[in-house]
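Below: the structure, in structure tokens.
Position 1 is the first residue of the sequence; numbering continues from there. Remember, it's 1-based here, ligands and their atoms both numbered in the order they're listed.
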Amino acid sequence: MKKKGRATTKTTAATAITSDQMYSIEENGHSEIGMRRFLMMENAGHGISDFIAGKFKNYNLKNKKIVAVCGTGNNGGDGLVAVRHLAGYGAKASVVLLGSPSDIKSEEARLNWGIVEKMDSVEIIFGKEVSDAVRKKIMSADIILDGIFGTGIKREIKEPHASAIDAINNSKKQAYVLAIDIPSGLDPNTGSVYNDKAVRADATITFHRMKKGLVAKGARKYTGPVYVEQIGIPPEAERGVI
Ligand SMILES: NC(=O)C1=CN([C@@H]2O[C@H](COP(=O)(O)OP(=O)(O)OC[C@H]3O[C@@H](n4cnc5c(N)ncnc54)[C@H](O)[C@@H]3O)[C@@H](O)[C@H]2O)[C@@H](O)CC1
Ligand SMILES: [K+]
């Protein structure tokens, strides 16, 4: 479904940036201008939830089973924000954290973990491996948010991330899969896939600007249509970067 006003792949390939450029822009925004990272994360998560809610008539997600599969980085943080907003639309919301809460890296992601932990309306499962309960949760979802890896993906994908990616891809028959920023496993700069483990999303919402890897040849089977969501980073944060 083409959301009014959201950019799509064609219109933004020319403006695609690398993950290093994105990190510099985020750093400028956060440190020079005071647009703090946790505000960017809030806007990113809201963009995800607004897209999902907008796909269902009059934003009614009652009883839709939505599962955010989250890594312990800021991509996972975006998923925590999104699932909080979606609980507000009446979704049956769950979070699967791949790791333990103490592994959560940034203060902005920890902030959002702390909030979701206090919400009875969001079920939480966490662990260092993909248990049968986790696999069942993913396989019975109506909607899956892929918050495993974003621009921070580096090397070979191992457990539990590999099994989580497999479970998401095996749930495609009945679930709508939305990738947060980057389909997990895809390199954000080259579009190549680490040890052929990557989420095949029905759509991708990337933040601030298109990323080069998302418009690379062969990326489309992992990204689906790509939408660029503004997250409130002032254009001035790009000074000296682009
Ligand atoms: N930093 C910011 O200001 C913002 C970041 N945003 C989100 O944050 C994401 C980037 O977050 P992060 O830099 O925390 O990284 P990610 O959340 O993409 O990755 C999580 C962590 O996984 C680890 N990792 C990398 N490759 C791995 C592998 N093969 N196996 C196991 N672990 C691996 C890395 O240590 C990385 O920190 C973006 O894609 C976007 O979704 C947004 O919230 C916008 C604001
Ligand atoms: K992702």
### Summary
Rounded to the nearest 0.5 angstrom, the OH-CG distance for Tyr59 and Asp50 is 4.0 Å

### Query
Is the side chain of Asn75 donor-acceptor paired with the backbone N or O of Cys70 at a distance under 3.5 Å, no angle test?
no

#### Entry: Contact with ligand 1 for Ile153, non-hydrogen, under 4.0 angstrom
yes

### Query
Counting both backbone and side chain atoms, is some N or O of Lys158 under 3.5 Å from an N or O of ligand 1?
no

### Message
Counting non-hydrogen protein atoms only, what is the nearest one to atom 17 (O) of ligand 1? Give residue, atom name and distance.
### Response
Asn75 N, 3.0 Å

### Task
Do me a favour and list the nearest non-hydrogen protein atom to atom 10 (C) of ligand 1 with residue, atom name and distance?
Thr151 OG1, 3.3 Å

### Task
Quick one: report the N, O or S atom of Asp146 that is nearest to the K ion (ligand 2).
O

### Task
Identify which one of Ile168, Val130, Ile138 satisfies the side-chain contact (heavy atoms from CB on, under 4.5 Å) criterion when paired with Ser163.
Val130

### Message
Quick check against the 3.5 Å criterion: does Glu238 have a side-chain atom that pairs as donor or acceptor with the backbone of Pro235?
### Response
no

### Task
Provide, to 0.1 Å, the distance between atom 30 (N) of ligand 1 and the closest protein heavy atom, together with that atom's residue and name.
Phe149 CZ, 3.8 Å

### Query
How does Lys154 reach ligand 1, by side chain, by backbone, by both or by neither, if only non-hydrogen atoms under 4.0 Å count?
both

### Task
Report yes if some N/O of Tyr23 lies less than 3.5 Å from some N/O of ligand 1; otherwise report no.
yes

### Query
Does Tyr194 come within less than 4.0 angstrom of ligand 1, counting non-hydrogen atoms of the residue?
no

### Task
Determine whether the side chain, the backbone, both or neither of Asp181 has a heavy atom under 4.0 Å from any heavy atom of ligand 1.
side chain

#### Entry: Contacts of type ring pair (Phe, Tyr, Trp, His ring centres under 6.0 Å), residue Phe149, not counting sequence neighbours
His161

#### Entry: Any donor-acceptor N or O pair under 3.5 Å, side chains Ser100, Asp103
yes

### Summary
closest protein heavy atom to atom 15 (O) of ligand 1 is Gly152 CA, 3.4 Å

### Query
Does Lys118 use its side chain to pair, donor to acceptor, with the backbone of Gly114 at less than 3.5 Å?
yes

### Query
How close does the nearest protein non-hydrogen atom get to atom 6 (N) of ligand 1, and which residue and atom is it?
Asp78 OD2, 3.8 Å

### Task
Please write down residue, atom name and distance for the protein heavy atom closest to atom 2 (C) of ligand 1.
Glu26 OE1, 3.1 Å

#### Entry: ligand 1 contact on Glu108 by region, counting heavy-atom pairs under 4.0 Å
neither

### Task
Say whether, by atom type as modelled, one donor and one acceptor occur between the side chain of Asp146 and the main chain of Ser184 under 3.5 angstrom.
yes

### Query
In degrees, rounded to 10 degrees, what angle do Ser184 atom OG and Ile180 atom O make at the K ion (ligand 2)?
170°

Under 3.5 Å, which donor-acceptor pairs do the side chains of residues 89-97 form with other protein atoms, sequence neighbours left out?
residue : atom : partner : partner atom : Å
Ser94   : OG   : Glu123  : OE1          : 3.1

### Query
Donor-acceptor pair, Asn60 side chain versus Lys62 backbone, under 3.5 Å?
yes

### Query
Who's the nearest protein heavy-atom neighbour of atom 8 (O) of ligand 1, and how far?
Asn74 CB, 3.0 Å

### Task
Please answer whether the main-chain N or O of Glu26 pairs with a side-chain N or O of Arg37 as donor and acceptor at a distance below 3.5 Å.
no

### Summary
The reported gap from CG in Asn170 to CZ in Arg200 (rounded to nearest 0.5 angstrom) is 8.0 Å

### Message
Show me which atoms of ligand 1 lie under 4.0 Å from any heavy atom of Met40.
### Response
3 (O), 45 (C)

### Task
Before accepting this row, confirm whether a basic side-chain N of the pair Glu129/Arg135 lies closer than 4.0 Å to the acidic partner's carboxylate O.
no

### Task
Pull out every atom of ligand 1 sitting under 4.0 Å from any heavy atom of His161, numbered as shown with elements.
31 (C)

### Task
Distance to 0.1 Å, residue and atom name: give those for the protein heavy atom nearest to atom 29 (N) of ligand 1.
Glu156 O, 2.8 Å

### Message
With clusters defined by side-chain heavy atoms of hydrophobic residues (ILVMFWY) lying less than 4.5 Å apart, directly or transitively, does Val228 cluster with Val215?
### Response
yes

### Query
Backbone or side chain, does Val199 get an N/O/S atom under 3.4 Å to the K ion (ligand 2)?
no

### Task
Just jot down the ligand 1 atoms closer than 4.0 angstrom to any heavy atom of Ile231, in number order.
44 (C)

### Summary
One finds that the ligand 1 atoms under 4.0 Å from a non-hydrogen atom of Lys105 are 35 (O), 37 (O)

#### Entry: For Gly150, the ligand 1 atoms whose distance to one of its heavy atoms is below 4.0 Å
16 (P), 18 (O), 39 (O)

#### Entry: Ile182 near the K ion (ligand 2): N/O/S under 3.4 Å
yes

### Message
At less than 4.0 angstrom from any non-hydrogen atom of Arg37, what atoms of ligand 1 do you find?
### Response
1 (N), 2 (C), 3 (O)

### Query
When you check the gap from the basic side-chain N to the acidic O, do Arg36 and Glu107 get nearer than 4.0 Å?
no

### Query
Within the structure, does Gly73 bring an N/O atom to less than 3.5 angstrom of an N/O atom in ligand 1?
no

